[in-house]
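Comments concern the structure below.
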Amino acid sequence: MGPIHYTVKQITGDYAILLSEDGVENQVAMALLPPGIDEGDKLLWENLAYTVE
């Protein structure tokens, strides 16, 4: 599986709702995401880690 590009759609407490380029929503614990992210930020999931684009 290759890299996946996400946009942070919503932050709800300890979780963020991510939206992939394909329109699939994914709920992820904030602890797994880079510090300081905010709604609208672009993320890249690759090698089992999220990074800011």
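As the structure is a prediction and not an experimental result, all values here were calculated from the model. Just so you know, these numbers use all the heavy atoms, side chains as well, and skip hydrogens, waters and symmetry mates.
The line from CD of E53 to NE2 of H5 is 5.0 Å long, rounded to the nearest 0.5 Å. Here L18 contributes atom CG and N26 contributes atom CG; the two are 6.0 Å apart, rounded to the nearest 0.5 Å.
Note on V8 and Y15: separate hydrophobic clusters, where clusters join Ile, Leu, Val, Met, Phe, Trp and Tyr whose side-chain heavy atoms are under 4.5 Å apart, directly or indirectly. Hydrophobic clustering (ILVMFWY, side-chain heavy atoms < 4.5 Å, transitive): M30 and V28 are in one cluster. I37 and I17 end up in different hydrophobic clusters when Ile, Leu, Val, Met, Phe, Trp and Tyr side chains are linked at under 4.5 Å. Cluster membership for I4 and L48, using ILVMFWY side-chain heavy atoms within less than 4.5 angstrom, is shared. A single hydrophobic cluster is seen to contain both Y6 and V52, as judged by linkage of ILVMFWY side chains at heavy-atom distances under 4.5 Å, directly or through other members.
For E46, there are no side-chain hydrogen bond (donor to acceptor under 3.5 Å, both in side chains) partners two or more places apart in sequence or in a different chain.
Within the 3.5 Å criterion, the main-chain N or O of K9 finds no donor-acceptor partner in the side chain of T7.
Residue G36 comes nearest to D41 through the heavy atom pair O-OD2, 4.3 Å, listed as atom of the first residue, atom of the second, then distance. Scanning all heavy atoms of the two residues, the minimum distance from I11 to E39 falls at N-OE2, 3.0 Å.
Y50 has its side chain within reach of P34: a pair of non-hydrogen atoms, C-beta onward, lies under 4.5 Å apart.
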